K.L.:
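Have a look at the structure that comes next, please.
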Amino acid sequence: MHKGAQLSTRTTPQLVLFDCDGVLVDSERIAVEVEVDILAELGWHVTPAEVVERFLGISDADYLAQVKAQVGRALGPDFLAEIEPRYRAAFERGLTAVPGVEGLLETLEEAGIETAVASSGTRDKLRFTLGHTGLWERFEGRVFSATEVEKGKPAPDLFLHAARSLGVDAKRCVVVEDSPAGLAGALAAGMRAIAYAGGLVPLERLQLPGVAVVTDMCEVAEQLVGRRSGCAR
Ligand SMILES: [Mg+2]
């Protein structure tokens with residue numbers, strides 16, 4: 001296959017899999033503040049930057065394992081359920097969609113490209129955050145949670161599960177992620193990956209071989225359909 005043909009295959013994805021937190025909804029800034037408070041109450045004093053470094057994009061199970069190891073005592077069986085309302089309350093107060101997401105989704109729909117969500121969050125959390133920002137209806141029936149697979153990101157399982165469920169070959173999928181763990185999972189799944197660096201993770205941590213790094217959603221549209229339509233600028 002000559003170079004031009006490869007390029008044209010690359011530029012026509014069939015399915016775009018979006019991470020949720022930090023890509024579709026601007027939840028990470030809020031979650032990090034809540035997280036710093038919760039860990040401090042457990043006697044583990046971390047900075048917001050450390051929270052980003054350690055926990056961004058990982059599953060609840062992996063988070064829990066780290067906290068247990070660090071705090072040095074068993075947490076109650078209902079620990080996650082007990083802290084959940086604190087995130088909910090903070091999200092209720094300030095959660096918004098990531099700027100440019102609506103326009104991007106419209107652009108992809110016009111181009112005939114399917115979209116879905118592949119998130120480390122639970123289905124319940126996804127229902128809430130996507131619902132709160134008006135995005136749930138757009139993705140209903142195409143929302144996949146790490147709770148549906150054995151291994152969360154950085155394993156490829158969730159992305160492969162989403163693609164398989166929608167009957168799309170991994171090679172025709174593109175993943176938009178804002179965490180190194182998510183990008184690693186996408187690459188391990190054999191999918192093209194775009195890093196969204198408009199959030200909390202430093203841009204240089206997202207610069208992985210073969211990954212396009214963008215700083216706004218208009219650039220994602222440019223990467224996927226070659227134009228910035230649907231974007232404010
Ligand atoms: Mg994320």
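The first residue in the sequence is number 1, and the count goes up from there. Computed from a predicted structure; not experimentally measured. Just follow the structure's listing: the first ligand is 1, and inside any ligand the first atom is 1.
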K.L.:
Protein N, O or S atoms less than 2.8 Å from the Mg ion (ligand 1), ignoring waters?
P.N.:
D19 OD2, D21 O, D178 OD1
K.L.:
Using a distance-only test with no angle check, is there a side-chain donor-acceptor pair under 3.5 angstrom linking E50 and T47?
P.N.:
yes
K.L.:
Using the salt bridge (charged side-chain N to carboxylate O under 4.0 Å, His left out) criterion, which residues pair with E150? Sequence neighbours excluded.
P.N.:
none
K.L.:
Holding to side chain to side chain donor-acceptor pair (under 3.5 Å), I want the full list of residues that pass it with E28, two or more places apart in sequence or in another chain.
P.N.:
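Counting only residues at least two positions away or on another chain, E28 forms no side chain to side chain donor-acceptor pair (under 3.5 Å).
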K.L.:
Going by side chain to side chain donor-acceptor pair (under 3.5 Å), name the residues that satisfy it together with R205, two or more places apart in sequence or in a different chain.
P.N.:
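Listed in chain order: E53.
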K.L.:
Taking C-beta and beyond as the side chain, do V149 and F144 meet within less than 4.5 Å on heavy atoms?
P.N.:
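Not touching, per the 4.5 Å side-chain cut-off.
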K.L.:
Please report the closest heavy-atom contact between P85 and E82, naming both atoms and the distance.
P.N.:
CD-O, 3.3 Å
